[in-house]
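Here is the structure we will look at.
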Amino acid sequence: MVERFARFSLAISEISRCWHKLAAEEMAAYGLRGAHAIYLTTMYRCGGVTGPQLCELCGRDKSDVSRTVAILQEKGFVTKEGVNQSLYRGLLKLTAQGRAAAEQVCERAALAVELAGGDLKEEERECFYRALESITGHLREISREGLPKRP
């Protein structure tokens, strides 16, 4: 059990570290940080979103979303429809510049994932993603409710 936990934890940490490094390299071309990639790609995938939707979809808190959206607006990547409305009521959309950046980042991310899993057969890939989604869902539930007490 401890061995499985160690393998899982180390693998997830290493994947996260590598992913953040790659995202930082890609976003640097736009004068942005790697952490901004998730926002651009999420808005690209979903179209217009509200602040609360962006919080949920990116798994970030309100303050992080507010800071990031302000940066993305200032740099011309995002606009907000509903000028007199707050971040949480307005609809956030990518500008043409934001869409171009998001498309590039999505293409590069797809390449990274393809290269990283290039030795996997399609059935293995499907099994991996099903397992990963299952683990993620269970961990999300456990983190919300807490670990059960020991008997």
Inset, instruction - Starting at CD of Glu56, measure out to OG1 of Thr42 and round the result to the nearest 0.5 Å. - result: 11.5 Å
Inset, instruction - Give a yes or no on whether the backbone of Leu132 and the side-chain of Thr136 come within a donor-acceptor separation of less than 3.5 Å. - result: yes
Inset, instruction - Output the distance between atom NE2 (His36) and atom CE (Met27), rounded to the nearest 0.5 Å. - result: 7.5 Å
Legend entry - Residue pair Ala100 / Tyr30: nearest heavy atoms and the distance that separates them: O-OH, 4.3 Å
Inset, instruction - Measure the CG-CZ distance between Leu22 and Arg108 for me, rounded to the nearest 0.5 Å. - result: 8.5 Å
Inset, instruction - To the nearest 0.5 angstrom, please state how far the CZ atom of Arg33 sits from the NE2 atom of His20. - result: 9.5 Å
Legend entry - Derivation of the side chain to side chain contact (heavy atoms under 4.5 Å, CB included) call for Leu72 and Met43: CA-CA 12 Å; Leu72 294 174; Met43 284 190 268; 4.1 Å; yes
Legend entry - Nearest-0.5 Å distance, NZ of residue Lys121 to SG of residue Cys127: 12.5 Å
Legend entry - For Ala37 against Val105, the heavy-atom pair lying closest together: CB-CG1, 4.1 Å
Inset, instruction - Please check if Val78 and Leu57 belong to a single hydrophobic cluster, counting links between Ile, Leu, Val, Met, Phe, Trp and Tyr side chain heavy atoms closer than 4.5 Å. - result: yes
Pairs of donor and acceptor atoms involving the side chains of residues 140-151, under 3.5 Å and at least two apart or interchain, shall be tabulated with distances.
{"residue": "Ser143", "atom": "OG", "partner": "Leu139", "partner atom": "O", "Å": "3.3"}
{"residue": "Ser143", "atom": "OG", "partner": "Arg140", "partner atom": "O", "Å": "2.9"}

Inset, instruction - Could you walk me through whether Leu32 and Leu40 pass the side chain to side chain contact (heavy atoms under 4.5 Å, CB included) test, one step at a time? - result: CA-CA 11 Å; Leu32 298 171; Leu40 289 178; 3.9 Å; yes
Legend entry - Euclidean distance, Glu81 CD relative to Lys93 NZ, rounded to 0.5 Å: 4.0 Å
Inset, instruction - Could you tell me which non-hydrogen atom of Gly51 sits nearest to which non-hydrogen atom of Val65, and how far apart they are? - result: O-CG1, 4.1 Å
Legend entry - Within 6.0 angstrom of Glu25 CD, more than 12 heavy atoms from elsewhere: yes
Legend entry - Pair Arg99 + Glu103, salt bridge at N-O below 4.0 Å: no
Legend entry - Cluster overlap Ile71 with Val49, hydrophobic side-chain contacts below 4.5 Å: yes
Legend entry - Any donor-acceptor N/O pair, Thr41 side chain to Ile38 backbone, under 3.5 Å: yes
Legend entry - Heavy-atom closest contact (Gln73 atom, Thr79 atom, distance): NE2-C, 4.4 Å
Inset, instruction - For the pair Glu122 and Arg125, find out whether any cationic side-chain nitrogen is under 4.0 Å from an anionic carboxylate oxygen. - result: yes
Inset, instruction - State whether the side chain of Lys75 and the backbone N or O of Gly31 hold a donor-acceptor pair below 3.5 Å, judged by distance alone. - result: yes
Inset, instruction - Is it possible for you to say whether Val113 and Phe128 belong to one hydrophobic cluster, with membership spreading through side-chain heavy-atom contacts below 4.5 Å? - result: yes
Legend entry - side-chain hydrogen bond (donor to acceptor under 3.5 Å, both in side chains) against Glu14, all qualifying residues, sequence neighbours excluded: Arg17
Legend entry - In one Ile/Leu/Val/Met/Phe/Trp/Tyr side-chain cluster, 4.5 Å: Phe77, Tyr44: yes
